[in-house]
Amino acid sequence: MPTILGQNQYGKAENRVVKITRDGATHHIKDLNVSVALSGDMDEVHYSGSNANVLPTDTTKNTVYAFAKEHGIESAEQFGIHLARHFVTSQEPIQTARIRIEEYAWERIAASDANSQFIGADEVKHSFVRKGQETRLTQITYDGEKWEVVSGLKDLVVMNSTNSEFWGYVKDKYTTLPEAYDRILATQVSARWRFNWTDDEQRMPSWEKSYEQTKKHMLQAFAETYSLSLQQTLYQMGSRIINNRSEIDEVRFSLPNKHHFLVDLEPFGLKNDNEVYFAADRPYGLIEATILRDGCEPKIPVDLTNL
């Protein structure tokens, strides 16, 4: 039976690059994990093994490191845009470049009271500790004409210790879950948001500011929503982002419900008044949805945020 080649791409995945910017005695860190995927006129390498149109993946790796020096890393998005533009415009067989980047945040280590006077600041300007919160993400796709930038985060763990209920749900013969009128609501946020910047004629967003503000609105919505379901909270988080960030048209969330169950303390003669919980890591409810600006079409793949 004859066969034909379907979608294909290649590149160098997970290039770890750390860029130190030295502003006198004060240093700044950008710590990225960059994956490059290239596609285009690559049929022949699959059919006959001819590498005539193949830019080696080792070259893509070297380009990542060279661009960190030549262009610096202003933001994950800007760095990915530089890379995607280079691969598409410099290599005729390459028609589309997709750059995926994870960014690991660092914060400065505070100096002790005893040493701050000696160092001359409340922070050590060259010492950092990895932040233990989320990993920042971005995916840049470029086909020589149009851009698609989808950014986001993962592993951001949040909790409301009250102001959450869950009741009035469907019950059948297998239902054992008691209704809850005051429960812990916790989740580990995986989110992606799509920018409406698509071509070089448009004004480019301020990527760093956009990320911080988007995260802020997301967290504020989580904290300020009196939740009757995790779905309701998810929708409020996405709506807050869309309503406050004009550069974003679409948000998709994958929210695992990190269940906290009240421990039965009655065998010990103790009353558990919503104080002691068992934190279950699995199985977990998984709530996923996309929130869109009215009139916009969904473009974020539904499996991009899947756990």
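Computed over heavy atoms, backbone and side chain alike; hydrogens, waters and symmetry mates excluded.
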Testing Arg136, Lys19, Arg16 one by one against Glu103 for a salt bridge (charged side-chain N to carboxylate O under 4.0 Å, His left out), which residue passes? Arg136
Would you find more than 12 non-hydrogen atoms of other residues, nucleotides or ligands less than 6.0 Å from Tyr277 atom OH? yes
Between Asn8 and Gly6, is there a donor-acceptor pair closer than 3.5 Å when you use the side chain of the first and the backbone of the second? yes
Answer yes if the ring centres of Phe79 and His71 are under 6.0 angstrom apart, and no otherwise. no
Give a yes or no on whether Asp294 atom CG has more than 12 heavy-atom contacts from other residues, nucleotides or ligands under 6.0 Å away. no
Phe195/Trp207 aromatic ring centres below 6.0 Å: yes
Single-linkage hydrophobic cluster Ile291~Val149, side-chain heavy atoms < 4.5 angstrom: yes
Using a 3.5 Å distance criterion without hydrogens, assess whether the side chain of Ser90 forms a donor-acceptor pair with backbone atoms of His86. yes
Should Thr96 and Tyr142 count as side-chain neighbours, where that means a heavy-atom distance under 4.5 Å? no
Test your reading of the model: is there a side-chain donor-acceptor pair from Asn15 to the backbone of Lys12, 3.5 Å cut-off? yes
Whether over 12 other heavy atoms sit under 6.0 Å from Glu275 CD: yes
Could you check Ser227 against Thr233 for side-chain hydrogen bond (donor to acceptor under 3.5 Å, both in side chains), going step by step and ending with a plain yes or no? CA-CA 6 Å; Ser227 180; Thr233 299; 2.8 Å; yes
To the nearest 0.5 Å, atom CG of Leu185 lies from atom OG of Ser229 at 9.0 Å
May I ask you to decide if Phe166's main-chain N or O and Glu179's side chain share a donor-acceptor pair within less than 3.5 Å? no
Let me confirm one number: the CG-OG1 distance from Leu32 to Thr138, rounded to the nearest 0.5 Å. 10.5 Å
Residues Glu224, Arg240: salt bridge by 4.0 Å N-O rule: yes
Above 12 or not: heavy atoms from other molecules or residues under 6.0 Å from CD of Glu14? no
Are Trp147 and Met204 connected, step by step, through hydrophobic side chains (Ile, Leu, Val, Met, Phe, Trp, Tyr) whose heavy atoms are closer than 4.5 Å? yes
Quick check: do Arg192 and Val251 have side-chain heavy atoms less than 4.5 Å from each other? no
Please check if the side chain of Asp199 supplies one atom and the backbone of Glu201 the other of a donor-acceptor pair under 3.5 Å. yes
Between Glu250 (side chain) and Lys299 (backbone), is there a donor-acceptor pair under 3.5 Å? yes
Check this for me: does any side-chain nitrogen of one of Asp58 and Lys61 sit under 4.0 Å from a carboxylate oxygen of the other? yes
Are the side chain of His46 and the backbone of Met42 linked by a donor-acceptor contact shorter than 3.5 Å? yes
Check step by step if side-chain hydrogen bond (donor to acceptor under 3.5 Å, both in side chains) holds for Tyr226 and Glu165. CA-CA 8 Å; Tyr226 191 103; Glu165 306 178 15; 2.5 Å; yes
Report whether Val34 and Phe67 are members of the same hydrophobic cluster (ILVMFWY, side-chain heavy atoms less than 4.5 Å apart, transitive linking). yes
